[in-house]
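Read the structure below first, then the notes.
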Amino acid sequence: MGKNKLRRFAEMKTQSCVFEPDKQLLLDDQFEMKGKWDSFFGNSNPITVELGCGKGEYTLALAKKYPGRNFVGVDVKGARIWRGSKTAEDESIPNVAFVRTKIEFINQIFAENEVSEIWLTFSDPQPKDKKGTKRLSGWAFLKRYGKLMKPESIINIKTDSQFFYDSTLETIEKGEHTLIRSKDDIYGIHWEDFHPDDQEILSVKTFYEKKWLAIGKKIKFLQFKLNDEYYKAV
Ligand SMILES: C[S@@+](CC[C@H](N)C(=O)[O-])C[C@H]1O[C@@H](n2cnc3c(N)ncnc32)[C@H](O)[C@@H]1O
């Protein structure tokens with residue numbers, strides 16, 4: 001591992017907004033923040049979680065726009081999280097945290113009803129995942145999300161992938177979830193359909209998004225609510 005990476009990993013350990021729970025602790029369901037995120041943030045404001053947050057562009061932008069809410073970015077890659085957590089520390093953004101872990105452990109990170117909104121930003125499409133157990137918008141992950149989300153919470157998805165977009169729409173239909181919006185070219189023909197507040201948020205461009213835009217890909221957006229049955233899931 002390069003010296004820079006080592007230095008950043010060491011720095012992350014000193015950042016109060018970063019949690020790196022070890023695997024055994026999660027397997028034992030003993031993560032100290034589960035059910036106690038209010039105490040970390042010092043308030044009981046609603047929590048939005050960005051899954052596969054990478055460098056945390058959405059977590060940070062949303063936190064700045066909505067100081068009355070709290071935001072947690074989750075990703076397994078330490079070097080990417082470091083970028084987001086460094087900005088949160090440098091700019092003293094109080095309503096942000098990051099958790100370095102596998103999203104598979106999400107129910108060991110948040111308790112039932114602890115989360116009010118989820119964002120999936122440019123998730124890996126997983127086209128070979130025929131069973132839908134690996135895709136972050138597949139039925140298996142939706143069940144996990146249902147267990148930690150308050151009823152009526154919204155899931156937002158931004159993606160470049162036609163496959164991810166189509167397969168998520170299929171999952172929404174099959175699972176009888178409530179589709180709020182599906183736009184397959186947000187910066188093109190659909191831009192004027194969005195409220196200016198939504199345009200401001202959708203204008204945030206992540207590291208991967210910039211890469212896809214540079215090669216001419218169209219960016220898609222989905223919003224939906226889980227079927228009531230999913231809140232009792234797992
Ligand atoms: C294509 S990147 C997108 C990153 C960022 N959201 C962006 O738009 O630039 C997908 C991210 O999801 C993370 N990821 C994928 N599967 C994961 C999993 N099972 N658990 C935790 N992180 C995961 C990867 O580490 C990576 O940072």
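Computed from a predicted model, the values in this text were never measured in an experiment. Counting starts at 1 for both ligands and their atoms, following the listed order. Numbers here are sequence positions counted from 1.
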Ser123 to ligand 1, any heavy atom closer than 4.0 Å | no
Cation over ring, Lys23 on Phe105, under 6.0 Å and within 45°?
-> no
Around atom 12 (O) of ligand 1, find the nearest protein heavy atom and jot down its residue, atom name and distance.
-> Gly52 CA, 3.4 Å
When you measure from atom 9 (O) of ligand 1 to every protein heavy atom, which one gives the shortest distance, and what is it?
-> Tyr208 N, 3.0 Å
Would you indicate whether the side-chain heavy atoms of Asn107 and Leu148 approach each other to under 4.5 Å?
-> yes
Which residue holds the protein heavy atom closest to atom 16 (N) of ligand 1, what is that atom called, and what is the gap in Å?
-> Asp124 OD2, 4.1 Å
So, Arg144 and Glu104, do they make that salt bridge, N to O below 4.0 Å?
-> no
Is Asp198 paired with Arg181 through a side-chain N to carboxylate O contact shorter than 4.0 Å?
-> yes
Could you tell me which atoms of ligand 1, counted from 1 in the order shown, lie closer than 4.0 angstrom to a heavy atom of Thr121?
-> 3 (C), 5 (C), 6 (N), 8 (O)
Look at atom 26 (C) of ligand 1 and find which of Arg80, Lys55, Glu57 reaches it with the closest heavy atom.
-> Arg80
What is the nearest protein non-hydrogen atom to atom 23 (C) of ligand 1, stated with its residue, atom name and distance?
-> Ile103 CD1, 3.9 Å
Minimum heavy-atom separation for Glu209 to Val204, with atom names?
-> OE1-O, 3.2 Å
Which residue supplies the protein heavy atom nearest to atom 7 (C) of ligand 1, what is that atom called, and how far is it?
-> Thr206 OG1, 3.3 Å
When you measure from the centre of the six-membered ring of Phe221, is the NZ or CZ of Lys158 under 6.0 Å away and within 45° of the axis?
-> no
Winner among Val74, Thr59, Thr101 once heavy atoms are compared against atom 21 (C) of ligand 1 = Thr101
To atom 19 (N) of ligand 1, the nearest of Lys205, Glu104, Lys102, Arg135 on a heavy-atom basis is Glu104
Any side-chain heavy atom of Leu202 within less than 4.5 Å of one from Trp191?
-> yes
Heteroatom distance test (Phe122, ligand 1): nitrogen or oxygen, under 3.5 angstrom = no
Taking only heavy atoms of Cys53 into account, list the atoms of ligand 1 that are under 4.0 Å away from them.
-> 5 (C), 6 (N)
Derivation and outcome, ring-ring contact (aromatic ring centres under 6.0 Å, His included), residues Phe164 and Phe122 | CA-CA 9 Å; Phe164 194 79; Phe122 299 89; 9.5 Å; no
Quick one: do Asp197 and Lys65 make a salt bridge, cutoff under 4.0 Å?
-> yes
What is the nearest protein non-hydrogen atom to atom 13 (C) of ligand 1, stated with its residue, atom name and distance?
-> Asp75 OD2, 3.3 Å
Under 3.5 Å: N/O of Glu209 near N/O of ligand 1 = no
